[in-house]
Amino acid sequence: MSSWEISSSSCKQETKLPLSPQLVEDNAFQPCRKNMDEVEEKSKDIIKCTAEKLSVDEVSQLVISPVCGAVSLFVGTTRNNFEGKKVISLEYEAYIPMAENEIRKICSDIRQKWPVKHIAVFHRLGLVPVSEASIIIAVSSAHRAASLAAVSYAIDTLKAKVPIWKKEIYEESSSSWKRNKECFWKR
């Protein structure tokens, strides 16, 4: 009987394994397992409130993981109209320490509800022109259902609980502060 061998180069070292199961010992797979453990990374929450322009690519890259098959995103942008008025930009203000603390609570809630890996929430402050991003939320998970549900929960809860205020600036030189209808302290 001839002996067939499989060469595995994906583990950065060559391991020759016989094809017949009775000849394969459990420890023959340890080099591969060690490298898989090295890939396993700690879950992270990345939160940023900034006056800088937001980048969808940058935020989505922060949550990518080799153990995840899904990255879900929500990108909120400034639209050019509101109730028949032409909007030229939005202006956001926040009490940053409190806003970041509330966002951390949202991330914690998400982790209690869904098996997600990484969460990133970036919110822009100051003036945000039409078509630019005001907020980007990215969540990675093994499967899409968890990350999609987590992103939806994150934006809905953020709008209801996080102390970030928005002013719409209109073309006709007027502006108005807007309350979030989801905001719990206005009920």
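Just so it is clear, the model here is predicted, and its values are computed rather than measured. Residue indices begin at 1 and follow the sequence shown.
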Salt bridge (Lys or Arg N to Asp or Glu O under 4.0 Å) partners for Arg144, two or more places apart: none
Residue pair Lys167, Glu93: steps toward the side-chain contact (heavy atoms from CB on, under 4.5 Å) verdict: CA-CA 8 Å; Lys167 180 169 47 171; Glu93 290 184 9; over 6 Å; no
Test side-chain contact (heavy atoms from CB on, under 4.5 Å) applied to Val139 and Phe74, step by step: CA-CA 9 Å; Val139 178; Phe74 172 80; over 6 Å; no
Check against side-chain contact (heavy atoms from CB on, under 4.5 Å), Ile106 and Val121: CA-CA 10 Å; Ile106 293 168; Val121 179; over 6 Å; no
Atom NZ of Lys44: over 12 foreign heavy atoms under 6.0 Å: yes
Exam field: side chain Ser43 to backbone Lys117, donor-acceptor pair closer than 3.5 Å: yes
Evaluation steps, side-chain contact (heavy atoms from CB on, under 4.5 Å), between His123 and Leu158: CA-CA 10 Å; His123 203 299; Leu158 184 141; 4.2 Å; yes
Transitive ILVMFWY side-chain link Val75 to Val87, under 4.5 Å: no
Val116 versus Arg111, closest heavy-atom pair with distance: O-NH1, 3.2 Å
Test applied, side chain to side chain contact (heavy atoms under 4.5 Å, CB included); reference residue, Val71; option that passes from Ser65, Ser141, Ser140: Ser140
Electrostatic pair Glu132:Arg124 at N-O distance under 4.0 angstrom: yes
Residue that, paired with Ile103, satisfies side chain to side chain contact (heavy atoms under 4.5 Å, CB included) out of Ile119, Thr157, Ile47: Ile47
